[in-house]
Amino acid sequence: MRRLLLSAFAVVILALSGSAGYERAGSDSAGWREIAWPFPRDGWPAGRAFRCENEFCGERVEIYVRPKIGFCNCGSGVADDDEVDRVADLDLMSERFAPLEPGRVIRIADMAGRLRAYDLRMSDGSPHTAIGIAVSHRCDLLVAVAQGKGTARNVRRVALAFLASKEMTGWMKSAVGER
(Lines give C-alpha, C1' and ligand atoms only; values in the text may rest on other atoms or scores of the structure.)
Protein backbone atom coordinates (compact mmCIF):
# COMPACT_ATOMS: atom_id res chain seq x y z
CA MET A 1 0.00 0.00 0.00
CA ARG A 2 2.80 2.40 0.90
CA ARG A 3 4.55 1.65 -2.38
CA LEU A 4 1.32 2.35 -4.29
CA LEU A 5 0.89 5.70 -2.52
CA LEU A 6 4.50 6.71 -3.26
CA SER A 7 4.07 5.78 -6.91
CA ALA A 8 0.82 7.74 -7.14
CA PHE A 9 2.48 10.74 -5.47
CA ALA A 10 5.41 10.58 -7.92
CA VAL A 11 3.01 10.48 -10.89
CA VAL A 12 1.13 13.53 -9.57
CA ILE A 13 4.38 15.48 -9.06
CA LEU A 14 5.62 14.64 -12.55
CA ALA A 15 2.26 15.55 -14.09
CA LEU A 16 2.18 18.88 -12.28
CA SER A 17 5.75 19.77 -13.23
CA GLY A 18 5.05 18.79 -16.82
CA SER A 19 1.94 20.97 -16.99
CA ALA A 20 3.83 23.91 -15.46
CA GLY A 21 6.47 23.54 -18.14
CA TYR A 22 3.78 23.43 -20.79
CA GLU A 23 2.19 26.64 -19.53
CA ARG A 24 5.59 28.37 -19.49
CA ALA A 25 6.21 27.25 -23.06
CA GLY A 26 3.16 29.24 -24.13
CA SER A 27 4.56 32.56 -22.89
CA ASP A 28 6.40 34.95 -25.20
CA SER A 29 9.68 34.57 -23.32
CA ALA A 30 9.58 30.77 -23.03
CA GLY A 31 12.90 29.17 -23.80
CA TRP A 32 14.86 32.43 -23.79
CA ARG A 33 17.74 32.78 -21.37
CA GLU A 34 20.03 35.71 -20.82
CA ILE A 35 23.65 35.25 -21.87
CA ALA A 36 26.73 37.46 -21.50
CA TRP A 37 27.09 40.38 -23.93
CA PRO A 38 29.47 38.81 -26.47
CA PHE A 39 30.85 41.92 -28.17
CA PRO A 40 33.88 44.08 -27.34
CA ARG A 41 33.35 47.49 -25.79
CA ASP A 42 32.58 50.32 -28.17
CA GLY A 43 31.19 53.84 -27.83
CA TRP A 44 27.93 52.55 -26.34
CA PRO A 45 27.28 50.64 -23.14
CA ALA A 46 26.88 46.88 -23.42
CA GLY A 47 23.30 45.77 -23.76
CA ARG A 48 21.48 42.56 -22.98
CA ALA A 49 21.87 39.33 -24.93
CA PHE A 50 19.52 36.35 -25.02
CA ARG A 51 19.48 32.90 -26.60
CA CYS A 52 16.59 30.60 -27.49
CA GLU A 53 17.33 26.98 -28.39
CA ASN A 54 15.79 24.77 -31.08
CA GLU A 55 13.16 23.07 -28.94
CA PHE A 56 11.50 26.41 -28.09
CA CYS A 57 12.12 28.57 -31.16
CA GLY A 58 12.40 25.97 -33.93
CA GLU A 59 16.09 26.85 -34.27
CA ARG A 60 18.78 28.55 -32.20
CA VAL A 61 18.19 32.31 -32.24
CA GLU A 62 20.14 34.99 -30.41
CA ILE A 63 19.05 38.56 -29.84
CA TYR A 64 21.09 41.54 -28.66
CA VAL A 65 19.33 44.68 -27.39
CA ARG A 66 20.70 47.99 -26.16
CA PRO A 67 19.84 51.67 -25.88
CA LYS A 68 21.82 54.37 -27.61
CA ILE A 69 20.92 57.45 -25.60
CA GLY A 70 20.98 60.75 -27.51
CA PHE A 71 21.72 59.05 -30.83
CA CYS A 72 18.46 59.59 -32.69
CA ASN A 73 17.08 62.39 -34.82
CA CYS A 74 14.72 64.01 -32.33
CA GLY A 75 12.31 65.16 -35.03
CA SER A 76 12.00 62.24 -37.42
CA GLY A 77 13.08 59.24 -35.34
CA VAL A 78 14.21 56.23 -37.41
CA ALA A 79 13.45 57.56 -40.86
CA ASP A 80 14.67 54.97 -43.37
CA ASP A 81 16.37 51.65 -44.07
CA ASP A 82 19.80 53.27 -44.35
CA GLU A 83 19.51 54.30 -40.73
CA VAL A 84 18.63 50.75 -39.65
CA ASP A 85 21.65 49.50 -41.62
CA ARG A 86 23.85 52.01 -39.82
CA VAL A 87 22.68 51.71 -36.21
CA ALA A 88 21.31 48.18 -35.63
CA ASP A 89 24.64 46.65 -34.51
CA LEU A 90 24.85 44.13 -37.37
CA ASP A 91 28.50 45.05 -37.79
CA LEU A 92 29.23 43.71 -34.30
CA MET A 93 28.50 40.20 -35.62
CA SER A 94 30.00 40.54 -39.09
CA GLU A 95 30.92 43.22 -41.59
CA ARG A 96 29.42 41.00 -44.30
CA PHE A 97 25.68 41.64 -44.36
CA ALA A 98 23.26 42.50 -47.14
CA PRO A 99 19.57 43.42 -46.96
CA LEU A 100 17.15 40.71 -48.11
CA GLU A 101 14.24 43.09 -48.68
CA PRO A 102 13.11 46.65 -47.97
CA GLY A 103 12.44 47.35 -44.32
CA ARG A 104 9.10 47.97 -42.72
CA VAL A 105 7.66 50.27 -40.11
CA ILE A 106 7.41 48.67 -36.67
CA ARG A 107 6.24 49.56 -33.20
CA ILE A 108 7.78 47.93 -30.10
CA ALA A 109 7.23 48.95 -26.48
CA ASP A 110 5.29 52.02 -27.67
CA MET A 111 8.29 53.16 -29.74
CA ALA A 112 8.14 53.59 -33.50
CA GLY A 113 10.91 52.67 -35.91
CA ARG A 114 11.91 50.19 -38.59
CA LEU A 115 12.80 46.52 -38.99
CA ARG A 116 14.85 44.97 -41.80
CA ALA A 117 15.97 41.42 -42.69
CA TYR A 118 19.54 40.65 -43.76
CA ASP A 119 21.70 37.88 -45.12
CA LEU A 120 24.65 37.67 -42.73
CA ARG A 121 27.95 35.86 -43.33
CA MET A 122 29.71 35.00 -40.12
CA SER A 123 33.51 35.10 -39.76
CA ASP A 124 33.67 31.34 -40.41
CA GLY A 125 31.71 31.84 -43.67
CA SER A 126 28.51 30.24 -42.40
CA PRO A 127 25.28 31.84 -43.61
CA HIS A 128 22.87 33.29 -41.05
CA THR A 129 19.78 35.44 -41.20
CA ALA A 130 19.64 38.63 -39.16
CA ILE A 131 16.83 40.98 -38.27
CA GLY A 132 17.85 44.56 -37.49
CA ILE A 133 15.48 46.70 -35.45
CA ALA A 134 15.78 50.37 -34.55
CA VAL A 135 13.07 52.25 -32.64
CA SER A 136 13.13 55.63 -30.96
CA HIS A 137 11.74 57.52 -28.01
CA ARG A 138 12.31 61.27 -28.22
CA CYS A 139 16.04 61.64 -29.00
CA ASP A 140 17.01 58.15 -27.81
CA LEU A 141 17.40 55.00 -29.84
CA LEU A 142 16.84 51.38 -28.89
CA VAL A 143 18.40 48.82 -31.22
CA ALA A 144 18.05 45.08 -31.44
CA VAL A 145 19.52 42.53 -33.76
CA ALA A 146 18.45 38.90 -33.86
CA GLN A 147 20.33 36.19 -35.74
CA GLY A 148 19.88 32.54 -36.53
CA LYS A 149 20.41 30.00 -39.30
CA GLY A 150 16.73 29.76 -40.29
CA THR A 151 14.47 31.85 -42.46
CA ALA A 152 14.02 35.57 -41.98
CA ARG A 153 10.35 34.92 -41.28
CA ASN A 154 11.08 32.61 -38.33
CA VAL A 155 13.87 34.74 -36.85
CA ARG A 156 11.61 37.81 -37.11
CA ARG A 157 8.63 35.96 -35.58
CA VAL A 158 10.46 34.66 -32.50
CA ALA A 159 12.41 37.90 -31.97
CA LEU A 160 9.30 40.08 -32.11
CA ALA A 161 7.39 37.76 -29.79
CA PHE A 162 10.24 37.92 -27.27
CA LEU A 163 10.60 41.71 -27.53
CA ALA A 164 6.83 42.04 -27.01
CA SER A 165 6.97 40.07 -23.75
CA LYS A 166 6.03 42.01 -20.64
CA GLU A 167 9.50 41.76 -19.09
CA MET A 168 11.31 42.99 -22.21
CA THR A 169 8.81 45.76 -22.94
CA GLY A 170 9.28 47.04 -19.39
CA TRP A 171 13.06 46.89 -19.62
CA MET A 172 13.16 48.62 -23.02
CA LYS A 173 10.93 51.48 -21.84
CA SER A 174 13.06 51.90 -18.75
CA ALA A 175 16.30 51.80 -20.77
CA VAL A 176 15.25 54.85 -22.82
CA GLY A 177 13.73 56.67 -19.84
CA GLU A 178 10.09 56.20 -20.85
CA ARG A 179 7.72 55.88 -17.96
Side-chain angles (χ1 to χ4, degrees), residues 10-40 45-68 84 87-94 96-101 103-135 141-176 178:
V11 168
V12 168
I13 295 297
L14 288 174
L16 288 174
S17 66
S19 69
Y22 177 76
E23 288 174 11
R24 172 102 171 105
S27 76
D28 291 332
S29 59
W32 290 92
R33 66 180 175 86
E34 191 156 6
I35 59 175
W37 185 258
F39 306 113
R48 295 181 72 186
F50 302 87
R51 177 178 297 140
C52 186
E53 298 295 343
N54 299 14
E55 59 271 16
F56 292 100
C57 291
E59 66 183 278
R60 184 181 197 177
V61 176
E62 293 179 348
I63 190 164
Y64 316 100
V65 186
R66 67 178 170 168
K68 294 184 176 181
V84 178
V87 302
D89 287 341
L90 290 153
D91 59 328
L92 294 178
M93 289 182 280
S94 174
R96 298 180 296 174
F97 61 89
L100 291 172
E101 58 194 18
R104 58 180 80 165
V105 173
I106 190 167
R107 192 161 192 83
I108 297 176
D110 295 328
M111 294 179 275
R114 296 190 64 80
L115 168 147
R116 195 169 195 193
Y118 300 87
D119 175 38
L120 181 69
R121 292 286 168 180
M122 303 305 276
S123 60
D124 65 0
S126 64
H128 285 225
T129 300
I131 304 297
I133 298 169
V135 294
L141 194 61
L142 187 107
V143 298
V145 62
Q147 63 90 13
K149 290 187 176 185
T151 65
R153 182 178 181 189
N154 189 57
V155 174
R156 179 175 48 243
R157 179 184 60 77
V158 298
L160 289 177
F162 177 65
L163 292 173
S165 70
K166 185 177 179 180
E167 60 201 85
M168 283 306 295
T169 298
W171 178 82
M172 290 185 290
K173 286 180 176 183
S174 174
V176 295
E178 185 178 326

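The model shown is predicted, which means the values in this text are computed figures rather than measured ones.
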By side chain to side chain donor-acceptor pair (under 3.5 Å) - contacts of Arg33 (at least two apart): none
Measure from the side-chain N and O atoms of Arg104 to the backbone N and O of Leu115, and report whether any donor-acceptor pair falls under 3.5 Å. no
Ring pair (Phe, Tyr, Trp, His ring centres under 6.0 Å) with Trp171: which residues, sequence neighbours excluded? none
Residue set satisfying side chain to side chain contact (heavy atoms under 4.5 Å, CB included) with Ala46, at least two apart, ordered chain then number -> Trp37, Arg41
Under the rule for salt bridge (charged side-chain N to carboxylate O under 4.0 Å, His left out), what residues qualify as partners of Arg153, not counting sequence neighbours? none
Applying side chain to side chain contact (heavy atoms under 4.5 Å, CB included), name anything that partners Ser126, two or more places apart in sequence or on another chain. Met122, Asp124, His128
Could you grab the distance from atom CZ of Phe50 to atom CE of Met168, nearest 0.5 Å is fine? 4.5 Å
For Arg121, what residues pass the salt bridge (charged side-chain N to carboxylate O under 4.0 Å, His left out) criterion, not counting sequence neighbours? none
Rounded to the nearest 0.5 Å, what separates atom CE in Met111 from atom CD1 in Ile133? 11.0 Å
Can you sort out the partners of Pro99 under side chain to side chain contact (heavy atoms under 4.5 Å, CB included), two or more places apart, ordered by chain and number? Arg116, Tyr118
Using the side chain to side chain contact (heavy atoms under 4.5 Å, CB included) definition, which of the options Ile131, Thr151, Val61, Thr129 pairs with Arg156? Ile131
Using a 4.5 Å cut-off on heavy atoms from C-beta on, say whether the side chain of Leu141 contacts that of Val87. yes
Return yes if some donor-acceptor pair links the side-chain N/O of Thr169 with the main-chain N/O of Ala109 below 3.5 Å, else return no. no
Using 0.5 Å steps for rounding, measure from the CD1 atom of Ile35 to the CD atom of Glu62. 4.5 Å
Where is the tightest heavy-atom contact between Leu100 and Ala152, given as atom of each residue plus distance? CD1-CB, 4.1 Å
Proximity of Trp32 and Phe162 rings by center, below 6.0 Å: yes
Side chains of Val143 and Val135: does their closest heavy-atom pair fall under 4.5 Å? no
Not counting sequence neighbours, which residues clear salt bridge (charged side-chain N to carboxylate O under 4.0 Å, His left out) with Arg66? List them please. Asp42, Asp89
What residues, two or more places apart in sequence or in another chain, satisfy side chain to side chain contact (heavy atoms under 4.5 Å, CB included) together with Asn54? Arg60
Can you see which heavy atom on Ser94 is nearest to which on Leu120, and at what distance? CB-CD1, 3.8 Å
Please test Leu90 against Val84 for side-chain contact (heavy atoms from CB on, under 4.5 Å), starting from the C-alpha separation and ending with a verdict. CA-CA 9 Å; Leu90 290 153; Val84 178; 5.9 Å; no
Residues forming a side chain to side chain donor-acceptor pair (under 3.5 Å) with Glu59, sequence neighbours excluded: Asn154
Taking side chain to side chain donor-acceptor pair (under 3.5 Å) as the definition, give me every residue that meets it alongside Arg48, ordered by chain and number, with sequence neighbours left out. Glu34
Of all heavy-atom pairs linking Ala146 and Ala159, the shortest is CB-CB, 3.7 Å
Note: Leu163 and Ala144 closest approach over all heavy atoms is CD1-CB, 4.2 Å
How far apart are the C-alpha atoms of Val65 and Leu142, what are their side-chain angles, what is the distance that settles it, and do they pass the side-chain contact (heavy atoms from CB on, under 4.5 Å) test? CA-CA 7 Å; Val65 186; Leu142 187 107; 3.9 Å; yes
